[in-house]
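A short write-up of the structure that comes next.
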Amino acid sequence: MHDETNANDWWRHGVVYQVYVRSFADGNGDGTGDIAGLRSKLGYLNDLGVDALWINPWYSSPLKDGGYDVADYRSIDERFGTLEEVEQFIAEAHELGIKVIADLVPNHTSDQHRWFQEALAAAPGDPARERYIFRPGKGINGSEPPTNWTAVFGGSAWERVPDGEWYLHIFDPSQPDLNWEHEDVRAEFDSIFRFWLDRGIDGFRIDVAHGLVKDLSFPDVAEQAVILESERSADHPFWDRDGVHEINRRWRSVLDEYDNRMMVAEAWVAADRLPLYLRPDEYHQSFNFDLLDTDWDAGLFAAVIERSVTAANAVGAASTWVLSNHDVMRHATRYGLPAGTKWRSWPMVGPHEVLDQEAGTRRARAAALITLSLPGSTYVYQGEELGLPEVWDLPEDVLDDPTWERSGHTEKGRDGCRVPIPWEINGPSFGFGSGAPWMPQPASFAALSAAAQAEDPASTLSLYRRATALRREHLAHVEAFELVDLGAGVLAYERGANMLVVANMSTEAISLPEGTVLISSDPSQGQLIQPDSSVWIAR
Ligand code: GLC
């Protein structure tokens, strides 16, 4: 059992704030968020009470996939700043007691990466091609792709080069997959880990941790590539193959050369496979996306939470909680859709009378008090502390996510959760920067800006600030968790002997249990807990 007093395991109980740097704060007025902007907001993040920051990729990149197409893993993209600025940022965060988690992208590089350029310049069969996955095609003159695998962003997962060979990309063609069977690739990533560890990085978020290993016998698949792990066959040629665990162990041994560092896996795998990534010599933690795919329903929430806590405990890990990130519809909008809506395929066009934004916001606030009170670490995606909704009506001509092109303009993609943060009530980009932002913001962002909320005790920002402070005071290092039955439609649990959390997810008000209300998501909390609201009760 974990020693509850070991403060070194900061990742076990922290609040980790996710910074999508491109859209966080623009320090130099060029319309793109940057390190200077991020540094200027460290005071805000400190006041918000976060323990760590996870920064989405900041490396040199053509930004074809928002930076998940890395051209050089050891340099910072000039639109974001310089390596020196990043070093200063890390030092400043550390002075505030805030840890910094970098985002590492090992599954693929950018097509602009030196290795891929060398591979393209080389002939078929040349060793330079072996760091990636090049294959001859099928059919007459090899004009058919080697397999029927489809890419996550749509279309074939293979792209043909002028000499007739094909290379694998399970995302965009600008993101060729590395060949993780190749020792050059493995050794290079050991060195990249050390490069950042030596600069004081406290942890790594590993992109597509479940995708590195491919079935090199290249079987066709019966179904098409899908994001949802529950819809996938057990032996998939590129998702969640057993070979990834050996790589995890290699990385872990590099991290263990340093004090107190961690890695967190982005692994979209079935719930019963996730604990394998969390064995003591593999990841310290993994994102748990189950809640993010759970409808607003007390029974479903309780089942997912119970299962996650049990699974994490079984391998000595702590669970994580995620409601939103840069890849999914913001939960303030998700929770406003009619029950049962498949939000991943919700058409983000046209008038949407079905969307009940008020309910979405109320539930998002209630959900924050759930995830911020569960055992383990809670990830907060930038802007969720402002209650930002998904900007689902972005005009087509500003869309930037490769999903839009690759899906043949049938899926708008993920830009709606990546719209620049509103800091001020006025200004050309609501204080994001001094000029127009790289992606337009809706007028509704003025009232949701940090400045508009900062002094309002009823605001979502105030709710998050108070909740993180109370969490530190009452819940830091408390791992005890027990569900309590308070009737249908109510999610309730004890966190140790002194704290009860109640979320009323039903449509009727319920009576308030005995004790002192520490915080409520309902600004007019009285003797009843209203529908779609949560309270923390000290006893
Ligand atoms: C991960 C990232 C996503 C990116 C993809 C390819 O899922 O979170 O934003 O597009 O990997 O790198």
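Worth saying up front: this structure is predicted, and the values here are computed from it rather than measured. Reckoned from all heavy atoms, side chains included, excluding hydrogens, waters and symmetry mates. Counting convention: from 1, in listed order, for ligands and their atoms alike.
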>> Can you tell me which portion of F153 lies within the under-4.0 Å heavy-atom range of ligand 1? Options are side chain, backbone, both, or neither.
In response: side chain
> How are the rings of W58 and F89 set relative to one another: parallel (under 30°), tilted (30 to 60°) or perpendicular (over 60°)?
Replying inline: perpendicular
>> Can you check which of N107, D65, D327 brings a heavy atom nearest to atom 9 (O) of ligand 1?
In response: D327
> With sequence neighbours excluded, what pairs up with W321 under the side chain to side chain donor-acceptor pair (under 3.5 Å) test?
Replying inline: none
> Contact between K64 and ligand 1, counting heavy atoms under 4.0 Å?
Replying inline: no
>> I'd like to know if the side chain of T341 pairs up with that of R334 as donor and acceptor (distance under 3.5 Å, no hydrogens or angles considered).
In response: no
> Are side-chain N/O atoms of D202 and N260 paired as donor and acceptor at under 3.5 Å?
Replying inline: no
> Which ligand 1 atoms are under 4.0 Å away from a heavy-atom of R414?
Replying inline: 3 (C), 4 (C), 9 (O), 10 (O)
>> Can you tell me which portion of R205 lies within the under-4.0 Å heavy-atom range of ligand 1? Options are side chain, backbone, both, or neither.
In response: side chain
>> For W196 together with F204, are the ring centres under 6.0 Å from each other?
In response: no
> Mind checking whether R418 has a heavy atom under 4.0 Å from ligand 1?
Replying inline: yes
>> According to ring-ring contact (aromatic ring centres under 6.0 Å, His included), who are the partners of Y132, at least two apart in sequence or on a separate chain?
In response: F116
> Under 4.0 Å from any heavy atom of H326, which atoms of ligand 1 are there?
Replying inline: 2 (C), 3 (C), 8 (O), 9 (O)
